[in-house]
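See structure below.
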Amino acid sequence: MNSIRAFAPATVANVACGFDIFGFAIEAPGDVVEIRRRDEPGVVIKEITGDEGRLPRNAEKNAVTVVMLHLLKHLGIKDFGAEVVLHKNMPLGSGMGSSAASAVAGVVAMNELLGNPLSRQELLPFAMEGEKIASGSAHADNVGPSLLGGFVVIRSYNPLDIFTIPVPDDLYCTLVHPDIEINTKDARFILRSEVSLKNTIAQMGNVAGLVAGLMKSDYELIGRSMVDVIIEPVRSILIPEFNVVKLAAIENGALGCSISGSGPSMFALSKGKANAESAGLAMQQKFADAGIESSMHVSAINKNGAAIL
Ligand SMILES: Nc1ncnc2c1ncn2[C@@H]1O[C@H](COP(=O)(O)OP(=O)(O)OP(=O)(O)O)[C@@H](O)[C@H]1O
Ligand SMILES: N[C@@H](CCO)C(=O)O
């Protein structure tokens, strides 16, 4: 096998109360990576489409190839020759897990080209190295769901303990991406390092409630638990019209609404596709009223994650 194509989906990280510990995959959009073996040693980026020339072409700097280099080193494979084409189908700094999608598609494609020496779970630490190059921190709540699919919980980072939980079949996600950019690195820099006991207790309650609501298909409990008292109050100031858009989502069918990842995208969860679409249109209207263009994606939770095409 000399060439492989892999797809990795967009993801919603944090999911309101679960900063760095919750994430889920959606069906589209996502990045596509093509990798082809070559005789000459070294992994090189042959072409990147869809990034307006903004991403690094240096294989040591791009999330899509950094993960491949880490995987080859781990397997003790030297002088491996491959050329990589990356199709970016997601905006940068979007809050949709753009760098994670590249990292996951890249590591899945390379693993397949090598005959699948590692399982999906075993590929996770390598995908996290892609996040590290992109955002300065190896958080797993975008790469985890993009790689494994479904709704992912990261119980622990050291040692890494990550698993998926069931979600109700009729749960739909609305993702609205306003036409602005927020870099994850910046959105992490502004966070406080200390949290009050009162807020910790509230956040733990919501984390427990969201997990229970998802596993019991209790839509009301899911909605009540989508409250973030720690991160959202700090980061929402980076998103124009945040409060108005969030209220519009909930008044038009959503169970709950918050920031997707580090933003600026906002996401809502709804029971049924019709509610998800209605909430999304209301969210977009509020952005439009403020002169802000946006794009909308409505999707069930993608239970498969990355795929070989
Ligand atoms: N293949 C890649 N795709 C996207 N970003 C990359 C990639 N490789 C390196 N980067 C770097 O990561 C930065 C974007 O990462 P960042 O985490 O800020 O946003 P994102 O991954 O696009 O979206 P999200 O906020 O959902 O994580 C880019 O500015 C770029 O410098
Ligand atoms: N948990 C990460 C996700 C980034 O997409 C953050 O919020 O910084």
Side-chain angles (χ1 to χ4, degrees), residues 6 8-26 29-35 43 45 47-69 84-107 109 127-146 152-154 157 162 175-178 180-192 228 230-236 238-239 258-267 297:
T11 50
V12 172
N14 302 334
V15 195
C17 50
F19 179 68
D20 276 6
I21 66 167
F22 286 164
F24 62 84
I26 62 174
D31 282 358
V32 172
V33 169
E34 298 169 10
I35 181 170
V43 176
I45 295 175
E47 182 187 12
I48 300 177
T49 66
D51 75 325
E52 298 167 347
R54 295 178 55 195
L55 289 179
R57 266 58 181 169
N58 176 343
E60 309 268 339
K61 298 265 186 247
N62 195 303
V64 70
T65 36
V66 161
V67 297
M68 296 180 186
L69 298 173
V84 175
V85 175
L86 167 62
H87 299 291
K88 288 301 296 181
N89 299 314
M90 301 156 63
L92 306 192
S94 57
M96 295 165 66
S98 169
S99 49
S102 290
V104 168
V107 78
M128 290 166 69
E129 288 300 324
E131 276 293 32
K132 206 169 176 181
I133 200 87
S135 64
S137 72
H139 51 84
D141 50 345
N142 286 113
V143 292
S146 190
V152 157
V153 175
I154 299 118
Y157 274 91
I162 180 169
L175 196 58
V176 173
H177 175 238
I180 55 177
E181 199 170 298
I182 296 178
N183 260 331
T184 300
K185 202 171 279 183
D186 303 336
R188 291 181 80 89
F189 181 74
I190 64 170
L191 298 178
R192 301 185 195 104
D228 172 8
I230 297 175
I231 304 298
E232 184 185 296
V234 177
R235 280 181 170 172
S236 56
L238 301 174
I239 303 171
S258 189
I259 304 172
S260 174
S262 58
S265 292
M266 292 176 66
F267 83 98
H297 305 276

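This structure is a prediction, so every number in the text was calculated from the model and none was measured. Whatever order the structure lists them in is the order used to number ligands and atoms, beginning at 1.
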A side-chain contact here means heavy atoms from C-beta on lying under 4.5 Å apart; do R235 and L191 qualify?
yes
Of V64, T184, T65, I259, the residue with the heavy atom nearest atom 17 (O) of ligand 1 is T184
Residue pairs meeting side-chain hydrogen bond (donor to acceptor under 3.5 Å, both in side chains), one or both in residues 88-104, sequence neighbours left out, come to D31-K88, D31-S102, K88-S98, K88-S102, S99-E131
Applied to residues 9-23, the salt bridge (charged side-chain N to carboxylate O under 4.0 Å, His left out) test, sequence neighbours excluded, yields D20-R188
Practice task
Return yes or no for this condition: an N or O of M96 is under 3.5 Å from an N or O of ligand 1.
Solution key: yes
Mind checking whether I182 has an N or O less than 3.5 Å away from an N or O of ligand 1? no
Any N or O on N142 sitting closer than 3.5 Å to an N or O of ligand 1?
no
Please confirm whether L86 comes within less than 3.5 Å of ligand 1 when only nitrogen or oxygen atoms on both sides are compared. no
Nearest heavy-atom approach of F22 to D141 is O-CB, 3.2 Å
Which atom pairs, nitrogen or oxygen on both sides, join ligand 2 and the protein at under 3.5 angstrom?
unit_1   : atom_1 : unit_2 : atom_2 : d
ligand 2 : 1 (N)  : N14    : OD1    : 2.8
ligand 2 : 1 (N)  : D20    : OD1    : 2.4
ligand 2 : 1 (N)  : D141   : OD1    : 3.4
ligand 2 : 1 (N)  : D141   : OD2    : 2.7
ligand 2 : 5 (O)  : N142   : OD1    : 2.7
ligand 2 : 7 (O)  : N14    : ND2    : 2.8
ligand 2 : 7 (O)  : R235   : NH1    : 2.6
ligand 2 : 7 (O)  : R235   : NH2    : 3.4
ligand 2 : 8 (O)  : R188   : NH1    : 2.7
ligand 2 : 8 (O)  : R235   : NH2    : 2.9

For K61, is at least one N or O under 3.5 Å away from an N or O on ligand 1? no
Contacts satisfying salt bridge (charged side-chain N to carboxylate O under 4.0 Å, His left out) that involve residues 54-68 (not counting sequence neighbours) are D51-R57, R54-E181
Handout entry: Residue pair N62 / I48, side-chain heavy-atom distance below 4.5 Å
Key = yes
Min over N183, L55, I133 of heavy-atom distance to atom 14 (C) of ligand 1 lands on N183
Practice prompt. Please determine if S99 has a nitrogen or oxygen closer than 3.5 Å to a nitrogen or oxygen of ligand 1.
Written response: yes
I want to know if ligand 1 touches S135 in the polar sense, i.e. an N/O pair below 3.5 angstrom. no
